[in-house]
Amino acid sequence: MCLPGSRYSLMGGNLHIRHLNKEEDVGIYQCLASNSFGTIVSREASLHIAYLENFKTQRRSPVRVREGQGVVLLCGPPPHTGELTFTWIFNEYPSFVVQDSRRFVSQKTGNLYIAKVEPSDVGNYTCVVTNTVTKSSVQGPPTPLVLRVDGVMGEYEPKIEVQFPEVVPVAKSSTIKLECFALGNPVPTISWRRVDGASFGRKVDINKASGVLEIPYFQQEDAGIYECVAENSRGRNSVKGKLSFYAAPHLTEKPQDIQMTIDDTLVWECKASAKPKPSYRWLKNGEPLDPMEDRVQANNGVLTISSLSLADIGMYQCVAENKHGRIYTNAELRVIAIAPDFSQNSLKSQTLARQGGDILIECKPRMSPRGVFSWRKGKEALRESHRVTVLDSGSLRISNVTKMDAGVYTCVARNQFGVASSAGSLLVKEPTVITSPAGHLDVTVGESIVLPCQVSHDPTLDLKFTWFFNEQLIHFGSHGAYFEKVGGRSDGDIMIRNIQLRHAGKYTCAVQTKVDSVSIATDVEVRGPPGPPVDCQVTEMTETTASLSWGPGMDGHSPILSYTIQARTPFSLGWQAVTTAPEQLRGKQLSATVADLSPWVEYEFRVLATNSIGTGEPSKPSKKARTKEMLPRVTPARVNGGGGGRSELVITWEPVPEELQSGPGFGYVVAFRPLGAQGWMQAAVTSPDASRYVFKNESIPPFSPYQVKVGVYNNRGEGPFSPVTTIYSAEEEPSRAPGRLRARSVSASEVEVTWKPLVWSNNHRRILGYEVKPAHRKKQDTASVIRTVGNKTSVLIRDLEGSSTYYISLQAYNSAGVGPQSNIVNVTTKKPPPSQAPVKIMWNTSNSKVILRWDQVHALENESEVTGYKVMYSQDKHSRPSVVETNTTSLELSLPVNQDYVIQIKPFSEGGEGSSSRQITIPKIAGRTVLTRAT
C-alpha cells in the first residue's frame, strides 16, 4: 500500500520509488490489478540496486618472479552489485595492458595472467574496475612486478590457470563466453573444439577465440561438451566443460475469455514450451485455485470446472514455471442465467424444402440453463413419428418431406426462468431433375463439341449451373477461350471449341437451387496425333548405316501405326527423311537401321510417330554420332583448265564437298598427259578445298592439247578418278599489232575509234579482244584502258574533255597477256557546247496552243556555235519528257487542255548539248486565252 508522504507512489499502475535504499528496497515485486470482474497479478519483478565501493587503500606487496616464469596478478574487486568489466594500467594512466597470446585479463575474476614474464613486463600494475550499470570506475592499489635475480626459468608444459566450470547452464538465445588461459614456456597456444566432433557453425568466429570462446544466440544444437587445449613444445594440457541448454517457459497455447451457461462444463488448456519441462498452477482473482471440489480439476495445464455456477465467475490465470522463470496468462469466465430469448436468433421466416428430401428447422434461443423444447404445426401440438423428430438441441428434423408437411411451425422453449416461442413457415418445392443422360464422348483434336445439361425444376426457383473438369471448377473465359456457355435459363449446355488432348477427362454439370442440388458427369475421350517418341539413341554406326532405338511416346488415345526417321548433318538444310531397313516402320517397331549415309559425317536423328489422326511432334534429337571412314567414292566435278602463263598447264575442278570426302586426310591426285601419249604424269594436292593445279615446264608447247583427270584419296587410301577431259596449255601473247587505226571526233566529249582486226586464232594463240588507251598527252602509261570482248572493230570513247587532243593506241589481248602496241593516232575533240542557258523565255496560250519565244544563245570564243534548240515538256517534273527540236528561237506547241506542263529549253551544237534553262510551269489552258508572260 502506498501511504501519503512515503517514498512509494502509483502513477497509472506504475510503481515509483524515490530515494532508493539498497537495504530496504531490494526484493521481488508484483502488481495486482482489480475491477468489477476480478483480480489478476503481474509477473514477478526483481529489483537489484547497482553499486560499486572503493578498494581498500592498503598497499600490495611486490610479486617476484623469474624471467620466463608465468604469473597471476590478483584484482580482488571491492563489494558491488551489477556486472563489472576489468582493465589493467601498466605503470601509469593511460598505458593499458594490451591482451595478446601472452597476456590475458579475465572478465570473470578481473585477474591479469602473464603466460611468460619478460624483462619488459617489470613495473606497477593497477586493476581498474567499471560497473556497467552505474558507469562508475574505481582503481585498486598498484601491484609491483619484480624480476628475481636467481636465473631464468626453464621451459615447462602449459598450466591452465583460467578455466570454466564443468557444467554451464546457458539460456536460449543468450550469448555465452568461455574463458581459458594457460601459463607456460614457450607461450602456449589456445585452441577450442567440440568433443562430439561437430563444427562450431558460421556464427562462431573461431579466429577470434584464443582465450575466449563466444557463442552468440545459443540454441539447443549448441549444447554439448567443449574442450580448451593449451599446448607448446614442452607438452599439452586441456580442460572440458559441458554447456547445457535451458529455456524459460514460453506460452504456446493459452485460455481465451469465455461466456458459458449455468451447469455447463469449462475446459481451459494452458501449454508452454520450456527446458526443463514446466509445471502449471492456476490462480483465481489473484489467489491460488484450490481444487478441493470434485468438479474442479487441474492437471498438467488443463483446468476443468463442471456444473458451472455463478460463484465460478472471475478472472483466472495460468502460471507456467520452471527453475529458470515463470510466465502468466489471463482469461475471464462469465456464467450467465437467463430465460429463453429468441430476439437475436428467431426461427427463419421461410424454410424451403424439396419434396422427398429431408429438412432441419433450427431452434436456437438464448437461455441459461438449457430447458425443454416443444413444437406446434399451426395450432396443433406436433407429434413425433418415424419421419418427424425433435432433436436434443431443440431443432426439428422431417424426413421424406411431402406437400402435406407445408405450413407454419412454432418452437416453444422453457426453463426455470421463463418461456418463449418463435414461428416460421415451411414451403415444399418440386425436386430438380437432370434430364440429359450421362454419357461418353469420343472426339478428335480440333473438333468442337457441346456437353448437354438439361433439367426439369420447380418454376418458382432460380437455377445455378456450375461445371467442373476433373473435379476442378471451370472458369469460363480463362482457359484460352476453349470453354463457352451456350445454354439458356433452364439448361446449362457448354461448348468446347477446338478441343485438345489435354481436355480429355471427366466433365461434371452441377445444378443448384435453394432447396437441392444435383449433378451429372460425362466422360470425354480426345484422340489426336501421337506425342513425340522418347529416348532416341544411336546404338551402332558403320560407314554408311546407323542403328537406332527409341521408346513410344503418348499415343494420342489412338494406336500408333508407323514411325518415320529423319536425319540432320552440319551440311544439310534442316531435317531430311532417310532410307530405313525395314522400309516400313510399323507401330510396334522400336528400332531400325538407317541406310545410304555418307561416311565420316556427323549425324543427328529424330523419330516421328503417326496414327490414324496424323503425325505428331518429333522426338528430341539423338546425341551426335559420326559414321566410320572409308575409301572416297566421289570424284571432283567439272574438271577443266586452260589459260595461265607461258609454259603452264592449268587444271581446275570443283572441290568435293566435305560430307562426301568419306574420311580425314582428304586430297586430290591430278593426272595429265599430252594428247596421244601413253603414260600419265601425277601430282598430289593435299588441301581438300583446292580447286586448281598448275604444272609449269619450259618444254610445254603453247596452246597444246592435254588429257587430264583428277582422282581423290584419304587416310584409308585412293579412290576413283574423274572422266578424262581435254584442255589446252597456256597460249602465247598476240604477236602482231592491229592495223588501220582511225579516230574521229563525234562531239566535245566523244571520239569513235576503228581498226582492222587480227586473225582470230592459230596454233599458238587466240585473240580474246582489244585494249584501247586514250591518253591526254603522249604518255601512254597514264592512259585509261577500255577493253573490248570478241572480234569488235570499233569503240566509242565517252566522257572526254572538249577542245582537247587525245593520243590513242591499240593492243590485242588473250589469256596470256597483251600483244604489241599499234601506231599512235591523235584526235582533237570538238569545242564544248554553249554554257549559257536560254533566258527571257516568254509564252502565251490560246485554246490548246502554247507559243514559246526566247533570246538567241551566243557561244563564247572557245565554244561551238549554236545549231539549234531542244524543247522538252512533260506533265510533271518526274515523268519522261517529250522533245521537239528547232533551229529558231520560237516554237508553237499543241497541248491537251486541263493539264499543267513543265517546260525546259537547251541549245545544242556540234560539241553536244548545252546548259538547260530553269523549269517553267505553264498552268492549265482550259480553252481560255491567257495573257503573255515572260520569265
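Keep in mind that the numbers below use all heavy atoms, side chains included, and drop hydrogens, waters and symmetry copies. Please read these numbers as outputs of a predicted model, since none were measured by experiment. Residue indices begin at 1 and follow the sequence shown.
Looking only at distances, a side-chain donor or acceptor of Tyr813 sits under 3.5 Å from a matching main-chain atom of Thr788. No donor-acceptor pair closer than 3.5 Å links the side chain of Thr793 to the backbone N or O of Pro757. Looking only at distances, no side-chain donor or acceptor of Thr615 sits under 3.5 Å from a matching main-chain atom of Thr610. A donor-acceptor pair under 3.5 Å is absent between the side-chain atoms of Tyr869 and the main chain of Trp854, judged by distance alone. Although no hydrogens or angles enter the test, the distance criterion places a donor-acceptor pair under 3.5 Å between the side chain of Ser729 and the main chain of Ser704. Judged by distance alone, the side chain of Thr829 and the main-chain N or O of Ser804 form a donor-acceptor pair under 3.5 Å. Not a single donor-acceptor pair under 3.5 Å links the side chain of Arg633 to the backbone N or O of Ser662. Listed for the Glu863 side chain is a donor-acceptor partner under 3.5 Å among the backbone atoms of Ser835. Of the possible polar contacts, none joining the Asn887 side chain to the Gly868 backbone as a donor-acceptor pair under 3.5 Å is found. Side-chain atoms of Gln904 come within 3.5 Å of backbone N or O of Ser917 as a donor-acceptor pair.
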Determine all donor-acceptor pairs shorter than 3.5 Å in which one atom belongs to a side chain in residues 595-602; sequence neighbours excluded.
none

Side-chain donor-acceptor pairs of residues 681-689 under 3.5 Å, sequence neighbours excluded:
from	atom 1	to	atom 2	distance (Å)
Ser687	OG	Asp689	N	3.3

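Within 6.0 Å of the CZ atom in Arg626, the count of heavy atoms belonging to other residues, nucleotides or ligands exceeds 12. Within 6.0 Å of NZ on Lys696 lie more than 12 heavy atoms contributed by other residues, nucleotides or ligands. Within 6.0 Å of atom CZ in Arg673, more than 12 heavy atoms from other residues, nucleotides or ligands are found, so the atom counts as buried in its surroundings. Under a cut-off of 6.0 angstrom, the local environment of CD in Gln500 is crowded, with over 12 non-hydrogen atoms contributed by other residues, nucleotides or ligands.
Remark: Gln836 engages no residue in a side chain to side chain donor-acceptor pair (under 3.5 Å) (not counting sequence neighbours). With sequence neighbours excluded, no residue forms a side-chain contact (heavy atoms from CB on, under 4.5 Å) with Glu583. A search for side chain to side chain donor-acceptor pair (under 3.5 Å) contacts involving Asn697 returns Ser699, not counting sequence neighbours. Residues that satisfy the side-chain contact (heavy atoms from CB on, under 4.5 Å) test with Thr635, not counting sequence neighbours, are Pro720, Ser722. Residues satisfying the ring pair (Phe, Tyr, Trp, His ring centres under 6.0 Å) test with Phe908, not counting sequence neighbours, are none. Residues passing the side chain to side chain donor-acceptor pair (under 3.5 Å) test with Glu648, sequence neighbours excluded: none. With sequence neighbours left out, Arg568 forms a side chain to side chain donor-acceptor pair (under 3.5 Å) with Glu604. Looking at residues two or more places apart in sequence or on another chain, you find a ring pair (Phe, Tyr, Trp, His ring centres under 6.0 Å) between Tyr728 and Phe703. Shown here are the side-chain contact (heavy atoms from CB on, under 4.5 Å) partners of Pro533, two or more places apart in sequence or in another chain: Trp550, Tyr563, Val607, Ala609, Ser619. A search for side-chain contact (heavy atoms from CB on, under 4.5 Å) contacts involving Pro833 returns Ala748, Ser909, not counting sequence neighbours.
In this structure, Lys792 forms no cation-pi arrangement with Trp755, as its terminal cationic atom is not both closer than 6.0 Å to the ring centre and no more than 45° off the ring axis.
Of all heavy-atom pairs spanning Val538 and Ser622, the tightest one is CG2-OG, 3.8 Å. Here the closest heavy-atom approach between residue Val746 and residue Lys830 is recorded as O-CE, 3.7 Å. The shortest non-hydrogen separation linking Ser803 to Thr828 is C-CG2, 4.3 Å. Nearest heavy-atom pair across Val634 and Val656 is O-CG2, 3.8 Å. Looking at every heavy atom in both residues, Pro701 comes nearest to Tyr706 through CD-OH, 4.2 Å. Residues Ser890 and Thr888 come closest through the heavy atom pair O-OG1, 3.1 Å.
Aromatic pair Tyr603/Phe605: centroids less than 6.0 angstrom apart.
Contact check for Thr580 versus Thr593: no side-chain heavy atoms found under the 4.5 Å cut-off. Contact check for Leu893 versus Leu852: side-chain heavy atoms found under the 4.5 Å cut-off. At a threshold of 4.5 Å between non-hydrogen side-chain atoms, the residues Asn714 and Val712 do not count as touching. With a 4.5 Å cut-off on side-chain heavy atoms, Glu698 and Ile700 do not count as touching.
Note that CZ of Phe721 and NZ of Lys709 are 5.0 Å apart. Values are rounded to the nearest 0.5 Å. Rounding to the nearest 0.5 angstrom, the gap separating the CG atom in Asp855 from the CD1 atom in Ile841 is 9.5 Å. To the nearest 0.5 Å, atom CD of residue Glu731 and atom CD1 of residue Ile767 are 8.5 Å apart. Taking CG of Leu810 as the reference point, atom CD1 of Ile824 lies at 11.5 Å (rounded to 0.5 Å). Rounded to the nearest 0.5 Å, atoms CG (Asn715) and CD (Glu629) are 6.0 Å apart. In this structure, CD on Glu892 lies 4.5 Å from NZ on Lys849, to the nearest 0.5 angstrom.
For the side chain to side chain contact (heavy atoms under 4.5 Å, CB included) criterion with Thr754, the lone passing option out of Arg740, Arg742, Arg744 is Arg742.
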Set out, in order, the CA-CA distance, both residues' side-chain angles and the distance that settles ring pair (Phe, Tyr, Trp, His ring centres under 6.0 Å) for Tyr693 and Trp653, then state yes or no. CA-CA 9 Å; Tyr693 171 74; Trp653 62 89; 7.7 Å; no

Apply side chain to side chain contact (heavy atoms under 4.5 Å, CB included) to residues Thr886 and Val884 and explain how you reach the verdict. CA-CA 7 Å; Thr886 178; Val884 178; 5.7 Å; no

Check step by step if side chain to side chain contact (heavy atoms under 4.5 Å, CB included) holds for Val594 and Thr579. CA-CA 6 Å; Val594 181; Thr579 303; over 6 Å; no

Take Phe695 and Val670, measure what side chain to side chain contact (heavy atoms under 4.5 Å, CB included) needs, and give me the verdict at the end. CA-CA 10 Å; Phe695 176 68; Val670 181; over 6 Å; no

Output, in order, the C-alpha distance, side-chain angles, deciding distance and verdict of side chain to side chain contact (heavy atoms under 4.5 Å, CB included) for Leu608 and Gln566. CA-CA 8 Å; Leu608 297 88; Gln566 295 178 339; 3.6 Å; yes

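Side-chain N/O atoms of Gln661 and Tyr713 include no donor and acceptor closer than 3.5 Å. Residues Ser809 and Ser822 have side chains that never bring a donor and an acceptor to within less than 3.5 angstrom of each other.
Salt-bridge check for Arg646 with Glu733: passed, with a basic side-chain N closer than 4.0 Å to an acidic carboxylate O.
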